[in-house]
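The block underneath contains the structure these notes are about, expressed in structure tokens.
Owing to the predicted nature of the structure, the values given are computational and were not obtained by experimental measurement.
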Protein chains: 2
Amino acid sequence: MGTIDSKTEEIIFRAARKVFTRKGFDGARMQEIADEAGINKALLHYYFRSKDKLFDRVFRDVVKMTLPRLISIMNSEMPLFDKIRTFTSTYIDILSGNPEFAGFVFHELSRNPNRLLESLKESGPNLRLLENQINEAAGSGEIEYIPVTHLVVNMMSLIALPFIAQPVIMGMFPMKPENFDAFIQERKELVPQMIINSIKRRP
Amino acid sequence: MGTIDSKTEEIIFRAARKVFTRKGFDGARMQEIADEAGINKALLHYYFRSKDKLFDRVFRDVVKMTLPRLISIMNSEMPLFDKIRTFTSTYIDILSGNPEFAGFVFHELSRNPNRLLESLKESGPNLRLLENQINEAAGSGEIEYIPVTHLVVNMMSLIALPFIAQPVIMGMFPMKPENFDAFIQERKELVPQMIINSIKRRP
DNA sequence: AAATAATTTAACCAGATGGTCAAATGTACA
DNA sequence: TGTACATTTGACCATCTGGTTAAATTATTT
């Protein structure tokens, strides 16, 4: 279940992912997906019964392309600061390759919050582990205490929002696409530095 | 131009803002707006010729409800750290009162990037001023240098994303709506502290 | 090569959706 | 009161959209 065997099925699926992630469920048209795939609209329904079913597959695929790698970093035994650095650069790399993913996931999730819950329930990040690392580092005086919630949300925010806000950013600060890419790359260093700097205890 | 005189016009407009900000342009239905306003669908077109026109008014209104206050803070002569604190708490207050605004603006902007450019062109924030403040503070050794772009994007990110990601956050960390509100309130202190901490030069 | 099954298509359908219009209702004013 | 004007509505229309179906085409099996 969930596998793609035929060649055309693969083509259709990629087309669907492209259109859905760019336009969202409501903005996407089955006809547009068919055109993008270069096939007849009826073929969409032959392979993926309905728009809902096709969308569902796409959404799961997008989650599967991002979450597992991030969760495995979170759940690793890596030291706290390394974890922050690795998480950031991995997440930024993923989104650099698929800039629409961030906006897509958050937007569709607000349309149907239950969607992610399933994915998270079956293999969520082990927040207890991260919590322990924070407590240890705070106990030893290495860092100032910060609740896990805020630390995680801070990382997500600093990483994901620039992609969602790309048009705003490129409008505010005159930027060509290459400049925006460079700007994002700078953040692979800047974001973890900033997070670490903000919690590291001052001498 | 752009004013609302009649009582029903006001009711319709509020209904439209509610529906559009929650569902987006593509997800919104004229019938739903009419129902929300408790009037006939034809009346929508009587007051606001088309869905596009109505949406445009709503979008402009939302921008006008947020941007000017933020811009005036940015353009004020307030000291850098105060500016960061005031900007954050004002922005969070605005979004707390209208949690859908953030996702709405960013999503619709990626559908039509030109929309904001107009609003920004006529009265954008004076980034040169902020830049000077950064340079001064960096020159005097008070802070570590940071490009304006990153500083501004960092603030936007830490403030706006939690609202966009609300369902994700409430799913990851078991949170009831009240808890989420409290979580957001905590950030009015935490975010500026974090930003300032991350740039303040260490002794 | 014939028969069977899988893939692909053109044509079509039903319901939804943005939009129109003529009639009805209400309001102000002479 | 009657008349001009604005407001509101129900009914209707054209188009779009997801989905179906029967036929055509291609691949597979015997």
Protein-proximity profile, nucleotides 7-13 of chain C, B/S/- by nucleotide at the 4.0 Å heavy-atom cutoff, equals BBBB---
Integer-rounded Å distance: C:dG19 P and B:Arg49 CZ
10 Å
Between atom CZ in B:Phe48 and atom P in C:dG18, what is the gap in whole Å?
16 Å
By side chain to side chain donor-acceptor pair (under 3.5 Å) - contacts of A:Glu136 (at least two apart)
none
Could you tell me which residues satisfy side chain to side chain donor-acceptor pair (under 3.5 Å) with A:Arg14, sequence neighbours excluded, listed by chain and number?
A:Glu10
Could you pull out the closest heavy-atom pair between [X] and [Y], with the gap in Å?
X	Y	result
A:Ala160	A:Leu95	CA-CD1, 4.0 Å
A:Ile71	A:Gly124	CG2-O, 3.9 Å
A:Pro177	A:Met170	N-CE, 3.8 Å
B:Val58	B:Ala16	CG2-CB, 3.9 Å

Tell me the salt bridge (charged side-chain N to carboxylate O under 4.0 Å, His left out) pairs involving [range], sequence neighbours left out?
range	result
residues 77-96 of chain A	A:Asp82-A:Arg85, A:Asp93-A:Lys188
residues 160-171 of chain A	none
residues 161-178 of chain B	none

Going 5' to 3' on DNA chain D, which nucleotide is the first and which the last to come under 4.0 Å of a heavy atom in chain A?
D:dT17 to D:dT21
Distance-only criterion, 3.5 Å: show the donor-acceptor pairs between side-chain atoms of residues 99-110 of chain A and protein atoms not counting sequence neighbours.
{"from": "A:Glu108", "atom 1": "OE1", "to": "A:Arg111", "atom 2": "NE", "distance (Å)": "2.7"}
{"from": "A:Glu108", "atom 1": "OE1", "to": "A:Arg111", "atom 2": "NH2", "distance (Å)": "3.3"}
{"from": "A:Glu108", "atom 1": "OE2", "to": "A:Phe25", "atom 2": "N", "distance (Å)": "2.9"}
{"from": "A:Ser110", "atom 1": "OG", "to": "A:His107", "atom 2": "O", "distance (Å)": "3.0"}

Applying side chain to side chain donor-acceptor pair (under 3.5 Å), which residue pairs with at least one partner in residues 151-167 of chain A are found, sequence neighbours left out?
A:Asn154-B:Arg187
Contacts to DNA chain D from residues 27-37 of chain A, heavy-atom cutoff under 4.0 Å, which residues?
A:Ala28, A:Arg29, A:Met30
In residues 17-25 of chain A, which residues come under 4.0 Å of DNA chain D by heavy atom?
none
Partners of B:His45 by ring-ring contact (aromatic ring centres under 6.0 Å, His included), sequence neighbours excluded?
none
Can you find a side-chain donor-acceptor pair between B:Gln31 and B:Asp35 that sits under 3.5 Å?
yes
